[in-house]
Amino acid sequence: MTDTTTTTPYATAEPTDSNATDAPFEGVYPAMTTPFTDGDAVDHDQLAANARFLERAGVDGVVPVGSTGESATMSHDEHVAVIETVRDALDDIPVIAGTGSNNTAEALSLSERAADAGADGLLLISPYYNRPEPAGFLKHYRTIADAVDIPQIVYNVPSRTGQSIPVDVAVELAEHPNIQGYKAASGDLNRISEVIERTRDESFAVLSGDDGLTLPVLSVGGTGTISVVANVEPERTCAMVGAALSGDYDRARALHHELSPLVRELFAETNPIPVKEAMHIRGRGGPRVRPPLSRLSEERRESLRDLLAEYERGAPGAVDPAATGGAE
């Protein structure tokens, strides 16, 4: 099994006295897309190439078959095959597989299969549609954590699930040795900060799940990000997160603002529609998404192409955010 604790390459302008944390998950973990062929099958060759590209770019791990990976429209056999392809393509970085469900038995089965397929950790979205009470949340996550002995990340994304995991529940779950992280995608910095504050004594990582909030989350004690924009601009994302973790907030802020126009464009339509189009423009797979999603609207494709060209013209820290503002 690959060690899940890795260190982002700190692309800071000047050395700092700050050190990386000892969090179980730290740095940049791209939420990978799942490329499809014209026949709607998983394109495993392109998937492997994308994984290798991200590893070469310096990311700390990858997260396949999550929301960005269109897990909702994939069979369990496809899930497992994607995990195997990504694991086989990589040399040293961990694979954190999305295995959540609103059915505890289904999430447990998929988690066990993912571990057998070589996953180094699990990302578990909170049960959607059912709207469990706190006791239900606790039983759901503990059932999986008791049975599957690899690190697990609780994923709070109320915009997709219809319900936020209560802070008290997240704090209580952090006491379980296999529950080692929390992906924060609520958009509520007060809630995220409270989870960080109340789990400081645990071996527990809080990771941003909103690219636009990654720097604020890091500033209050978060340890990294599970990122969409890192699929397209992994070096810049690593540079920003690394600078923040090193204490170089001047550079981190500059890179945050540099990435912000692209972040806004990647969420102008439902994720992963724009990011798959961006990767298509960069030559890393087709733009196909599975129904009920549809391809990025034509009027946005050209603006996205122009925006990406701006990033290609400059190294991290060299792009003027004002020059990219026209794509909003």
Side-chain angles (χ1 to χ4, degrees), residues 29-51 53-54 62-89 95-103 106-107 109-111 113-114 117 119 122-130 155 157-162 183 185 209-211 226-232 263 265-301 304-305 308:
Y29 297 79
M32 292 186 69
T33 62
T34 303
F36 298 117
T37 67
D38 290 341
D40 207 33
V42 175
D43 186 342
H44 287 276
D45 290 340
Q46 185 64 56
L47 178 67
N50 290 347
F53 165 80
L54 292 169
V62 294
V63 184
V65 286
S67 302
T68 306
E70 297 177 76
S71 58
T73 58
M74 296 173 65
S75 71
H76 286 195
D77 287 345
E78 286 178 318
H79 269 74
V80 173
V82 164
I83 295 164
E84 290 172 338
T85 293
V86 173
R87 179 67 279 162
D88 289 347
V95 175
I96 313 301
T99 58
S101 172
N102 67 330
N103 177 338
E106 183 176 83
S109 173
L110 189 52
S111 296
R113 292 185 66 184
L122 307 175
L123 176 67
L124 293 152
I125 195 169
S126 65
Y128 40 87
Y129 190 80
N130 310 70
Y155 179 13
V157 57
S159 64
R160 288 189 181 266
T161 65
K183 179 182 176 182
D210 288 314
D211 279 305
I226 296 177
S227 168
V228 174
V229 73
N231 285 290
V232 185
V263 170
E265 195 71 8
L266 293 184
F267 291 93
E269 294 185 15
T270 301
N271 180 49
I273 293 170
V275 70
K276 293 192 91 168
E277 192 74 37
M279 293 176 70
H280 176 57
I281 292 167
R282 289 282 176 88
R284 295 204 292 276
R288 184 181 184 88
V289 289
R290 280 185 170 171
L293 299 183
S294 56
R295 187 175 176 181
L296 188 70
S297 56
E298 289 188 16
E299 59 268 25
R300 288 206 169 270
R301 294 178 203 170
L304 180 58
R305 188 178 299 275
L308 290 173

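Scope of the values below: all heavy atoms of this structure, side chains included, with no hydrogens, waters or symmetry mates. Just so you know, residue 1 is the first one in the sequence shown, and it goes up from there.
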Contact summary for M74 and V42, nearest pair of heavy atoms = CE-CG2, 4.2 Å
When rounded to the nearest 0.5 angstrom, what is the spacing between CD in E78 and CZ in F36?
-> 7.0 Å
Might you confirm whether atom CD of E299 has over 12 heavy atoms from other residues, nucleotides or ligands at distances under 6.0 Å?
-> yes
Given side chain to side chain contact (heavy atoms under 4.5 Å, CB included), test T99 with H79 step by step and report yes or no.
-> CA-CA 8 Å; T99 58; H79 269 74; 5.8 Å; no
Look at R288 together with D38 and state whether they make a salt bridge at an N to O cut-off of under 4.0 Å.
-> no
Between A97 and A114, what is the shortest heavy-atom contact and its length?
-> CB-CB, 4.2 Å
V82 and its side chain to side chain contact (heavy atoms under 4.5 Å, CB included) partner, picked from L47, V95, D77 = L47
Distance in Å, R300 CZ paired with E277 CD, rounded so as to fall on 0.5 Å steps = 12.0 Å
Any side-chain heavy atom of M279 sitting closer than 4.5 Å to one from Q46?
-> no
Closest non-hydrogen contact found for V62 with M32 is CB-SD, 3.7 Å
Are any non-hydrogen side-chain atoms of P272 and E70 less than 4.5 angstrom apart?
-> yes
Roughly how far, to the nearest 0.5 Å, is OG of S101 from CG of L110?
-> 8.0 Å
Residues forming a side-chain contact (heavy atoms from CB on, under 4.5 Å) with R305, sequence neighbours excluded = I281, E302
Pairwise side-chain contact, L266 with N271, heavy-atom cut-off 4.5 Å (strictly under) = no
State the CD1-CG distance between I83 and D88, to the nearest 0.5 angstrom.
-> 11.5 Å
Would you say V80 and E84 make side-chain contact, with heavy atoms under 4.5 Å?
-> yes
Ignoring hydrogens and geometry, is there a side-chain-to-backbone donor-acceptor pair from D211 to V228 under 3.5 Å?
-> yes
Value rounded to 0.5 Å, distance of NZ in K183 from CD1 in I226 | 5.0 Å
Would you say the side-chain atoms of T161 pair up with the backbone N or O of Y128, donor to acceptor, closer than 3.5 Å?
-> no
Could you tell me whether the side chain of S67 reaches within less than 4.5 Å of the side chain of R160, counting heavy atoms only?
-> yes
Which pair of non-hydrogen atoms, one from A278 and one from L304, has the smallest distance, and what is that distance?
-> N-CD2, 3.7 Å
Taking every non-hydrogen atom, the tightest pair across P30 and A230 = CG-CB, 3.9 Å
Over all atoms of both residues, closest heavy-atom pair of A31 and T68 | O-CG2, 3.2 Å
So how far is it from L296 CG to H280 NE2, rounded to the nearest 0.5 Å?
-> 11.0 Å
